[in-house]
Amino acid sequence: MYLCKTLVTNKAIKLEASIDPRIPKIMVGDPSKLTQVLLNLLGNAIKFVEKGSIRLSIERKSSKGKIHFLKFSISDTGIGISDEHLEHIFDSFKQAEHSTFAKYGGSGLGLSIVKRIIENLGGSITVTSKLGEGTTFKFVIPFERGNIENLTVKKADEPGLEKKKQAVKGLKVLVFEDNLLNQRLIEQQLKSWSCKPHITDNALNGLSILENKKIDIVLMDLKMPGMSGFEVTERIRKSKNKKVNQIPIVAISADFSTKDKEQCVENGINEFILKPYSTGELLSILVKSTKPMKTTSSVASKKIKPTAGENNKNSEVDFTTILEDCMGELILLEELVVLYKQNALEFIGAVRMHLNNNDLEAVAFAAHKIKSGLAMLKTDGLYTIVEQIQNTSKNDGDKKHLEFLYTCFLQEYPLVEQLIDEKMKALKKNL
Amino acid sequence: MIEKKKLLLAEDDDLLASLLHFRLEKGGYEVQLSKDGREVKEHLDQQMPDIIVSDIMMPYFSGMELVDYVRNELKSSIPIIIISSAGNEENVLIAFEMGANDFISKPVSPSELMVRVARELNKV
């Protein structure tokens with residue numbers, strides 16, 4: 001339901017749900033399938049209703065021993081469906097003719113598949129509708145009553161989460177943080193990922209830890225009493241110890257002005273993360289910030305000859321894979337680069353427009369669309385920004401954070417484009 | 001002379017489509033590229049390919065709907081390989097249930113796709 005609410009933010013629609021109290025608390029079924037079905041039907045309703053309400057009700061229809069038959073009904077006060085359309089509504093491909101679907105593409109299931117899923121679960125679905133008054137979908141699915149004992153709590157892990165956790169395992173993290181509560185939180189979080197945290201609220205103390213202990217990454221609260229995060233960073237970068245002066249530093253702050261960001265880059269801070277951040281963000285940034293360290297020290301640096309312009313900070317362009325994929329055909333690579341630039345410009349324009357219109361679903365879609373190209377040219381910096389744009393607009397929809405991420409993209413993109421152009425030039429020269 | 005195998009590539013992302021089109025053609029396939037679901041359906045209605053490679057998220061016609069259409073409307077058992085992206089894992093499972101044969105995740109390695117295509121065609 002929460003997910004659906006995010007879809008109706010700019011429409012005059014009421015979303016209501018009622019659940020029969022007689023339904024047992026624990027039921028055994030296929031939650032992912034049920035979610036798919038409900039999201040689809042509710043999603044459709046939201047698309048077709050301009051104002052009025054959408055109601056989801058779940059009641060117990062009948063029960064046979066442990067088996068309960070639950071009746072779901074989704075009614076809307078939308079435009080309704082004409083009888084002739086109604087007849088074919090569950091047929092394959094009828095969905096696609098709807099011009100409404102042209103807007104975002106058919107990422108939905110289509111009613112034929114919804115029907116098939118319900119039937120596979122041993123249920124059935126019916127629909128009634130009146131033009132101009134609304135539509136009601138009703139379906140019944142059998143569920144088995146469950147026991148609390150055999151209820152295994154499985155967290156809905158985001159894809160790749162395990163991989164990320166694996167990547168940061170054993171990571172030695174030095175945290176500069178003066179707030180006691182924040183210290184606790186971050187310590188717990190890091191420990192839960194099997195990192196080895198060192199927490200300090202004292203700049204000098206932290207610097208001495210850096211010189212004496214092996215640390216992989218530094219998390220730095222910028223606003224600390226005494227020595228500011230920027231000053232500490234400067235000291236770290238000026239250290240004579242090579243291991244210390246090249247350590248990745250992630251700045252943490254509640255607000256980053258453009259000036260702050262510029263100063264971050266100037267000071268040699270590699271990444272920044274905005275407070276409050278989700279644990280997922282922190283994890284991603286840890287993975288991202290430590291990755292290049294590992295690869296440069298092993299294989300990558302031996303394979304790729306350093307080129308003249310390789311003193312980049314955040315931006316990185318790696319053409320090795322794509323050139324291999326293109327089987328060395330420079331013409332194809334050039335074509336891809338042209339498309340890449342077009343996509344980026346389209347993205348910049350589209351996101352600006354959708355942000356202005358508060359159309360976050362469209363923002364997420366634009367982000368999704370550009371990701372594949374960003375990944376192909378291995379422009380990982382931009383990819384991470386876009387991924388965050390996609391996640392933020394899909395999840396909490398924090399507008400301020402989205403604007404910040406968008407600005408990051410705007411600042412980063414020209415740098416990346418320049419790097420791409422330089423690289424293309426170098427490749428052509430070598431021919 | 002051996003006739004070239006016909007491959008329908010359904011991919012709405014220009015970059016990926018260009019790259020895969022190039023590689024598959026180089027690999028000896030006759031490639032028909034469709035950039036949205038309507039085109040896919042038109043091609044399928046005209047001529048059945050030997051194999052389909054389709055993105056899961058496409059305008060007008062998702063990869064799942066495509067699988068459903070091929071298996072249940074056209075009653076064809078030609079191999080279908082789905083290209084998925086992160087966040088679509090659930091849909092990939094559905095596509096499998098509907099009868100997809102294999103899937104490959106983005107970012108797609110063309111070389112890997114070539115191997116998968118060849119493998120599916122060898123099974124037939």
Side-chain angles (χ1 to χ4, degrees), chain A residues 32-33 35-36 39 91-99 101-113 116-117 120 158-160 321-322 324-327 329 331-333 335-340 342-343 346 364-365 368-378 383 387 390-391 394, chain B residues 11-23 25-27 35-38 40-41 44-45 55-74 83-95 97-99 105-114:
Chain A
S32 66
K33 295 261 168 54
T35 315
Q36 287 273 353
L39 270 182
D91 293 357
S92 290
F93 206 62
K94 281 286 176 284
Q95 279 287 324
E97 255 90 53
H98 264 299
S99 59
F101 267 74
K103 205 163 153 199
Y104 299 121
S107 61
L109 285 171
L111 287 171
S112 64
I113 297 179
R116 208 154 279 150
I117 292 175
N120 281 342
E158 78 171 82
T321 324
I322 189 74
E324 261 169 40
D325 286 346
C326 290
M327 301 170 88
E329 295 269 347
I331 297 173
L332 177 65
L333 182 60
E335 191 187 313
L336 295 180
V337 166
V338 170
L339 289 170
Y340 174 94
Q342 273 173 12
N343 285 354
E346 252 171 59
F365 186 71
H368 167 84
K369 245 189 105 180
I370 195 184
K371 262 167 73 184
S372 135
L374 296 177
M376 274 172 73
L377 292 201
K378 293 267 179 306
Y383 185 89
E387 197 169 37
Q390 190 184 9
N391 290 340
K394 259 202 217 151
Chain B
E11 172 58 64
D12 62 327
D13 180 76
D14 297 339
L15 266 110
L16 188 55
S18 304
L19 179 59
L20 295 182
H21 193 169
F22 165 81
R23 283 296 296 270
E25 241 168 23
K26 268 239 150 141
K35 297 211 168 175
D36 68 50
R38 279 190 205 153
V40 171
K41 204 181 162 249
L44 285 176
D45 290 345
D55 198 337
I56 190 116
M57 240 175 116
M58 281 215 302
Y60 304 113
F61 204 27
S62 74
M64 293 166 289
E65 284 170 305
L66 170 67
V67 177
D68 184 48
Y69 184 70
V70 171
R71 294 285 183 259
N72 295 307
E73 297 289 314
L74 303 176
I83 300 174
S84 82
S85 40
N88 267 318
E89 287 76 6
E90 192 69 34
N91 290 343
V92 170
L93 290 182
I94 293 179
E97 244 168 67
M98 315 248 73
S105 301
K106 280 186 194 173
V108 176
S109 145
S111 308
E112 187 187 335
L113 181 67
M114 299 292 287

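So that the names make sense, note that chain A is the first sequence line, chain B the second, and so on, each numbered from 1. Everything numeric in this text was worked out from a predicted model, so none of it was measured.
Considering A/Q342, A/E335, A/M376 as possible partners of B/L15, the one that fulfils the side chain to side chain contact (heavy atoms under 4.5 Å, CB included) test is A/M376.
Contact of A/L332 with chain B is made through the side chain alone, with heavy-atom distances under 4.5 Å. For A/I322, the part lying under 4.5 angstrom from a heavy atom of chain B is the side chain only.
Partners of B/P110 according to the side-chain contact (heavy atoms from CB on, under 4.5 Å) rule, which considers only residues two or more places apart in sequence or in another chain, are A/D325, B/L19, B/L20, B/R23. Partners of A/E329 by side-chain hydrogen bond (donor to acceptor under 3.5 Å, both in side chains), not counting sequence neighbours, listed by chain and number: B/K26.
Atom-to-atom distance recorded for A/N343:CG and B/D14:CG is 6.0 Å, nearest 0.5 angstrom. To the nearest 0.5 Å, atom OG of residue A/S372 and atom CD of residue B/E11 are 6.0 Å apart. The distance from the CG atom of A/L339 to the CG atom of B/L16 is 11.0 Å, given to the nearest 0.5 Å.
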>> Using the rule given for side-chain contact (heavy atoms from CB on, under 4.5 Å), can you reason through A/R116 versus B/M98, listing the C-alpha separation, both sets of side-chain angles and the distance that settles it, and then say yes or no?
In response: CA-CA 9 Å; A/R116 208 154 279 150; B/M98 315 248 73; 3.9 Å; yes

